[in-house]
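Reviewing the structure listed below.
Being a predicted model, the structure only gives us computed values, none of them experimental. A, B, ... follow the sequence lines: proteins, then strands. Residue 1 opens every chain.
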2 protein chains.
Amino acid sequence: MRGRGRGPWWQDRLQGTGARITAPRELIIEILHETDDHVSAADVYIRAHQINPSIGLTTVYRTLDMLTQLGIVQKFDFGDGKARYELVNNPNGKKHHHHLICLRCKTIMDYSEFLDEELEFVKKTAGKLSKKYNFEITDHAISFYGLCERCR
Amino acid sequence: MRGRGRGPWWQDRLQGTGARITAPRELIIEILHETDDHVSAADVYIRAHQINPSIGLTTVYRTLDMLTQLGIVQKFDFGDGKARYELVNNPNGKKHHHHLICLRCKTIMDYSEFLDEELEFVKKTAGKLSKKYNFEITDHAISFYGLCERCR
DNA sequence: ACTTATAATGAAAATGGTTTTCAATATCAA
DNA sequence: TTGATATTGAAAACCATTTTCATTATAAGT
Ligand SMILES: [Mn+2]
Ligand SMILES: [Mn+2]
Ligand SMILES: [Zn+2]
Ligand SMILES: [Zn+2]
């Protein structure tokens, strides 16, 4: 059923690129799995460090980068000075969604309602844009900014 | 016709908040006017410095921040490690638009076609979201990612 | 015009997230 | 089991941005 893998879904993805399965990588992915908010590298480091104190912040950065490269993780900048990461589109992971960002307290909320309307709009617009600008569109992001319930 | 202003449009906006009209601020706004791409603080500083070498980078940052606060400038992060700025919605300035971002060469293109479809979609979605999450939506951003003509 | 309170400025130093370096270690194909 | 080499963690470097603080410029009031 699985290609060459003898482990979870993500191990195949790593090995496919020649990357090795290591304890730090396993732990970091596990941590990403367990959280469902938008964590910074430091967030991940703190949690990883509690479980395995030998892990270094550098490795967290490197692993998050690699996972971003592979498309397993998505990297965001919400304007608070540090990058934030989140697992995407995997078994257990979140599905395609967008963000509601509070300009005052910087809270980030996911929403995935109304994807049917979105799909229609995005497909139409992406099609026109890629034709007009000869641009190959592979992804998109939609964000709404404003004031959350507590800040308004 | 103009409120209290005896200068260009933006001077009224500044004075309205109690801010003073200064040479550095005039120059920085002029530079933003003259460019039509997405400049970093350092970009602005270099150009400003050529005209008036006494200007400091700190002032460029402070002025861009202030203009962002006032909504005269929009601040972006396209993932290359430095913030980028662009004049918005002013006489001479660009109108509302969105971005096409090349994941390989990091080129950023503006597009403002198809705003009618967008308006319809955004209005509908924003309405539903603000009701459902009790979130006051004041702005939005739509970005498409992929490969530009030269990189595909 | 002159005065004056204070907003704004620039240089330098500090900050803080991220990246680089490098010697030690762990992984995995053979 | 071995060995080539990918990966690791600590420390240092990097670099965009912010803070500090003494000096200067603005504009309101006279
Ligand atoms: Mn999210
Ligand atoms: Mn733009
Ligand atoms: Zn809020
Ligand atoms: Zn490109």
Side-chain angles (χ1 to χ4, degrees), chain A residues 3-7 10-29 38-46 48-70 73 75-85 106, chain B residues 3-7 10-29 38-46 48-70 73 75-85 106:
Chain A
R4 82 185 83 182
R6 45 199 180 314
W10 58 266
Q11 300 198 349
D12 299 3
R13 303 278 303 274
L14 285 214
Q15 289 177 325
T17 71
R20 295 176 179 174
I21 309 299
T22 67
R25 286 174 180 172
E26 284 188 279
L27 179 51
I28 289 166
I29 291 182
H38 308 83
V39 289
S40 66
D43 292 335
V44 174
Y45 170 70
I46 288 169
H49 199 261
Q50 286 173 339
I51 297 169
N52 178 352
S54 82
I55 278 186
L57 178 57
T58 312
T59 297
V60 173
Y61 273 106
R62 284 190 284 229
T63 302
L64 290 173
D65 265 8
M66 154 181 265
L67 295 173
T68 300
Q69 229 61 32
L70 290 174
V73 154
K75 182 180 182 181
F76 295 100
D77 188 297
F78 294 116
D80 66 339
K82 48 194 125 190
R84 301 194 163 268
Y85 302 84
K106 309 290 182 191
Chain B
R4 83 184 83 184
R6 44 201 182 314
W10 57 267
Q11 301 198 348
D12 299 5
R13 303 277 304 273
L14 284 214
Q15 289 176 326
T17 72
R20 296 175 179 175
I21 309 299
T22 67
R25 287 174 179 172
E26 284 189 279
L27 180 50
I28 288 166
I29 291 183
H38 309 82
V39 289
S40 66
D43 291 335
V44 174
Y45 170 69
I46 288 169
H49 199 262
Q50 286 175 338
I51 295 169
N52 178 352
S54 81
I55 279 186
L57 177 57
T58 311
T59 297
V60 173
Y61 274 106
R62 285 191 284 231
T63 302
L64 291 172
D65 265 8
M66 152 180 268
L67 295 174
T68 301
Q69 228 63 32
L70 289 174
V73 154
K75 182 180 182 179
F76 295 100
D77 188 297
F78 295 117
D80 65 339
K82 48 194 125 191
R84 302 196 162 265
Y85 302 83
K106 309 289 182 192

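Straight-line distance from the NZ atom of A/Lys82 to the P atom of D/dT18: 14 Å, rounded to whole Å. The separation between A/Arg62 atom CZ and D/dA10 atom P is 11 Å, rounded to whole Å. Atom CD in B/Gln15 sits roughly 11 Å away from atom C1' in D/dT26 (whole-Å rounding). B/Asp65 has its CG atom 13 Å from the P atom of C/dA8, to the nearest Å. Atom CG in A/Leu64 sits roughly 12 Å away from atom C1' in C/dT18 (whole-Å rounding). What separates CZ of A/Phe76 from P of C/dG17 is a distance of 20 Å, to the nearest Å. Separating the OH atom of A/Tyr45 from the P atom of C/dG16 is a distance of 17 Å, rounded to the nearest angstrom. Taking atom CD1 of residue A/Ile28 and atom C1' of nucleotide D/dG9, one finds them 12 Å apart after rounding to whole Å.
B/Ala83 comes within contact range of the sugar-phosphate backbone alone, with a heavy-atom separation under 4.0 Å but no base atom that close. B/Ala19 comes within contact range of the sugar-phosphate backbone alone, with a heavy-atom separation under 4.0 Å but no base atom that close.
Nearest-nucleotide assignment on DNA chain D puts the 5′-proximal partner with A/Thr22, out of B/Gly81 and A/Thr22.
Closest to the side chain of B/Thr59, out of C/dG10, D/dA27, D/dT7, is C/dG10. In this structure, the nucleotide among D/dA10, D/dT8, C/dT6 sitting nearest to the side chain of B/Arg20 is C/dT6. Picking from D/dT17, C/dG10, D/dG9 the nucleotide with the shortest atom distance to the side chain of A/Pro24 gives D/dG9. You'll find that the side chain of B/Thr58 is closest to C/dA11, out of D/dA27, C/dA11, C/dG17.
Between C/dT19 and A/Tyr61, no contact under 4.0 Å exists linking OP1 or OP2 to a side-chain N or O. OP1 or OP2 of C/dT9 sits under 4.0 Å from a side-chain N or O of B/Arg25.
DNA chain C lies under 4.0 Å from at least one heavy atom of each of the following residues of residues 48-57 of chain B: B/Ser54, B/Ile55, B/Gly56.
Side-chain contact between B/Leu67 and B/Arg25 is absent, with no heavy atoms from C-beta onward closer than 4.5 Å.
Side chain to side chain, B/Thr68 and B/Asp65 fail the donor-acceptor criterion of an N or O pair below 3.5 Å.
The distance between the ring centers of B/His38 and B/Phe78 falls below 6.0 angstrom.
A donor-acceptor pair is defined here as one N or O able to donate and one able to accept, closer than 3.5 Å; such a pair exists between the side chain of A/Thr63 and the backbone of A/Thr59.
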